[in-house]
Amino acid sequence: MAQRVVVDPVTRIEGHLRVDCEVDGGKVTNAWASGQMWRGIELILQGKDPRDAWVFAQRICGVCTTVHAITSVRAVENALKLEVPLNAQYIRNMIQGAHNVHDHIVHFYHLSALDFVDIVSALKADPAATAKLAQSISGWPRNSTQEFATAQKKLQAFINSGQLGIFGSGYWGHPAMKLTPEANLMAASHYLQALDYQRRMNKVVAILGSKTPHIQNMAVGGVTNPINMDSQSTLTLEKLMYIKQLIDEVGDFITQVYIPDVAAIGAFYADWTQYGRGVVNYLSIPDMPLDTKGTVFALPAGYIDGGDLAKFTPIKDFHDPYFEKGVKESVKHSWYQGGKGPLHPYDGETIPNFTDWQDDGKYSWIKSPTFYDKRAQVGPLANVLGMYASGHQRTQFWVNAVLDAVSGHLGSKVGVDALHSTIGRHAARAVRCVVLHEELQNQWTLLMENIAKGDTKTFNKPVFPKGEIRGFGFHEAPRGMLSHWVVIENGKIKNYQAVVPTTWNAGPRDEDGNISAYEAALLDNPVAVADQPLEIIRTLHSFDPCLACAVHLTDTETKSHYQVKVV
């Protein structure tokens, strides 16, 4: 007999996600993913000056704060057909590169590793044996007996204090945990080290963006970073060299800790390459523009149909009609007024209409996007497969390096198809992290070389025409392809829609009843203990859910907010 398991809210994510699963025979047989809040930014932006949209839009999220700012200005620039100075492109690229690297380190170590790493088990480990294990897979200098003994003492101190923080609610001792005590201690120690390295990466965002979260240097037409080597109040050589230092400091952690850890855990949990496949239509977009018009990119991408890399269609530039025409959103199963069928974002409506939960009706505040009427998965896996299929050499190199490392641990060959899985999404995110870090170094060099030519321009002034214009902007954000769509009439915003990565992955059934990436990935997932649904959390966390936060809802009659329940 099927049992209903409700995880509400899913934790270690941004925002409020509820997932209902029917479990029968120890596996998931049906699933519903529900966004439990309403994002009202689209309505707030109506009537606003398009030059201000990015300031509002980046408040959609308190974590991915750079991505909505960058995507918003790109949408308005697209509508105006406005070119962006090279220096501004490079500075934006560095901000997005640093933010993505920071985010990927945080996701693996601080948001999802605890789904595979048993902290309690780590207390039983022998630090010397842990050092031997760690040194066998990486030359990281901090893989020492002393380092692991110190980390173990810190973990014990957390337990002794009774203030466990993020370690307080894990499913420790769960039968799905497989790592040895030494592997658990290695991963837990690297968790603590990662706190420092993600912080260093985020400093790059803060220096270039004036602050973080919520950067302050975006502008329609470029950035507000003046470049003057003789003024300490501008972007100087001293600041640029410090940025280079921070970038370089993080590189060894990625290649000697993050990549080896993902490969080792992937080998320990090789069975998880059989779970979490789900939707295998992959959508990603090119990013890090190298010219003023957004037609040449450092990182290519596109659409893969049915998981077949041979069926790859590139998305070529910021004005590509193939992408522009393909996106629609349905609200048939979402808490909005509808009835007109799937709408293109330019014509999109955001009119709330809450009905309560209905398994066969409306059950989420998230809309259901499609690409040419098909559900698609977005995110690091989609992006890495898109770059791999397009022939991007460094992506191909790192994908093969990670798969070879896993193969070495297992003693048998692991191919690209293993990436279509829960554990594969973590591997893809690690690959994307190292590729972005390499490109971040390249963008710094390009900026320095352009300044050396005497070019210090960072802004082109926008001019808004009379009448209506439309534009879209996209960006390959940490959680996947993000797009903003704007209709401007006589210099004011007439309509605005943000189609965010988690909208693609976590939406409810679409117009034809097709399920989303989250829902499809959960099917056939094992569930060993119904009231400790660790395996469900594993697959969800592999996507790094981000339920974009703006307006939170409460029941005005009962005054209730959110409940955590497993029934």
Side-chain angles (χ1 to χ4, degrees), residues 19 27-33 266 269-285 300-315 322-323 326-328 330 368-392 395-396 399-400 402-403 406 414-432 476 479-481 499 501-526 535-536 538-545:
V19 173
K27 65 179 183 180
V28 176
T29 56
N30 206 347
W32 297 260
Y269 289 96
D271 55 323
W272 277 83
T273 61
Q274 306 302 312
Y275 305 119
R277 185 179 180 92
V279 174
V280 291
N281 301 317
Y282 295 107
L283 179 62
S284 61
I285 50 87
Y303 177 70
I304 297 171
D305 187 64
D308 185 349
L309 301 191
K311 296 180 180 178
F312 170 74
T313 304
I315 294 173
Y322 169 67
F323 174 80
V327 180
K328 290 182 180 179
S330 168
S368 300
T370 53
F371 192 63
Y372 289 98
D373 301 319
K374 292 184 178 181
R375 301 308 293 261
Q377 180 182 157
V378 304
L381 176 56
N383 187 220
V384 165
L385 290 176
M387 291 192 290
Y388 190 96
S390 71
H392 187 256
T395 299
Q396 292 179 338
V399 166
N400 294 333
V402 170
L403 293 176
V406 175
V414 176
V416 174
D417 190 65
L419 296 176
H420 304 289
S421 64
T422 294
I423 205 71
R425 273 184 282 275
H426 289 293
R429 189 173 280 102
V431 168
R432 185 169 189 265
E476 192 65 34
R479 290 159 183 84
M481 192 281 298
V499 188
T502 300
T503 309
W504 285 95
N505 289 334
R509 274 73 168 160
D510 65 13
E511 202 76 12
D512 298 321
N514 299 310
I515 59 179
S516 65
Y518 284 11
E519 296 169 337
L522 286 169
L523 298 182
D524 294 325
N525 240 58
E535 300 94 337
I536 292 173
R538 274 183 184 167
T539 291
L540 291 172
H541 280 166
S542 72
F543 289 93
D544 193 9

**Asked** For Phe543, is the NZ or CZ atom of Arg425 found under 6.0 angstrom from the centre of its six-membered ring and inside 45 degrees of the ring axis?
**Response** yes
**Message:** I'd like to know if the side chain of Thr502 reaches the main chain of Pro545, judged simply by a donor and an acceptor atom lying under 3.5 Å from each other, with no hydrogens or angles considered.
**Reply:** no
**Message:** Can a donor-acceptor pair be found, under 3.5 Å and without considering hydrogens, that links the side chain of Thr539 to the backbone of Ile536?
**Reply:** no
**Asked** Should Val431 and Leu419 count as side-chain neighbours, where that means a heavy-atom distance under 4.5 Å?
**Response** no
**For Tyr303, ring pair (Phe, Tyr, Trp, His ring centres under 6.0 Å) partners two or more places apart** = Phe371
**Item:** For Ala428 against Val384, the heavy-atom pair lying closest together
**Value:** O-CG2, 3.3 Å
**Item:** Backbone of Arg375 reached by a side-chain donor or acceptor of Thr370 within 3.5 Å
**Value:** no
**Item:** Main-chain N/O of Tyr518 paired with Asn505 side-chain donor or acceptor, under 3.5 Å
**Value:** no
**Asked** Where the side chain of Ser516 meets the backbone of Gly507, is there a donor-acceptor pair that is under 3.5 Å apart?
**Response** yes
**Request:** Only pairs at least two apart or in different chains count here, so list each salt bridge (Lys or Arg N to Asp or Glu O under 4.0 Å) that has a residue in residues 510-525.
**Result:** Lys27-Asp524, Arg509-Glu519
**Message:** With a 4.5 Å cut-off on side-chain heavy atoms, are Arg429 and Ser542 touching?
**Reply:** no
**Message:** Quick one: does any side-chain atom of Arg432 pair with a main-chain N or O of Thr395 as donor and acceptor, under 3.5 Å?
**Reply:** no
**Prompt:** So, does Glu476 use its side chain to make a donor-acceptor pair with the main chain of Ile285 at under 3.5 Å?
**Reply:** yes
**Message:** Could you work out, with ring pair (Phe, Tyr, Trp, His ring centres under 6.0 Å) as the rule, every residue matching His392, not counting sequence neighbours?
**Reply:** none
**Request:** Mind checking salt bridge (Lys or Arg N to Asp or Glu O under 4.0 Å) for Arg538 and listing every partner two or more places apart, or none if nothing turns up?
**Result:** none
**Fill in**
Hits for ring pair (Phe, Tyr, Trp, His ring centres under 6.0 Å) against Tyr372, two or more places apart or cross-chain, chain-then-number order -> Tyr322
**Prompt:** Under 3.5 Å, side chain of Gln377 to main-chain N/O of Ala517, donor-acceptor pair present?
**Reply:** no
**Request:** Applying salt bridge (Lys or Arg N to Asp or Glu O under 4.0 Å), name anything that partners Lys374, two or more places apart in sequence or on another chain.
**Result:** Asp305
**CA sep, side-chain torsions, deciding dist, call: His420, Tyr282, ring pair (Phe, Tyr, Trp, His ring centres under 6.0 Å)** = CA-CA 10 Å; His420 304 289; Tyr282 295 107; 5.5 Å; yes
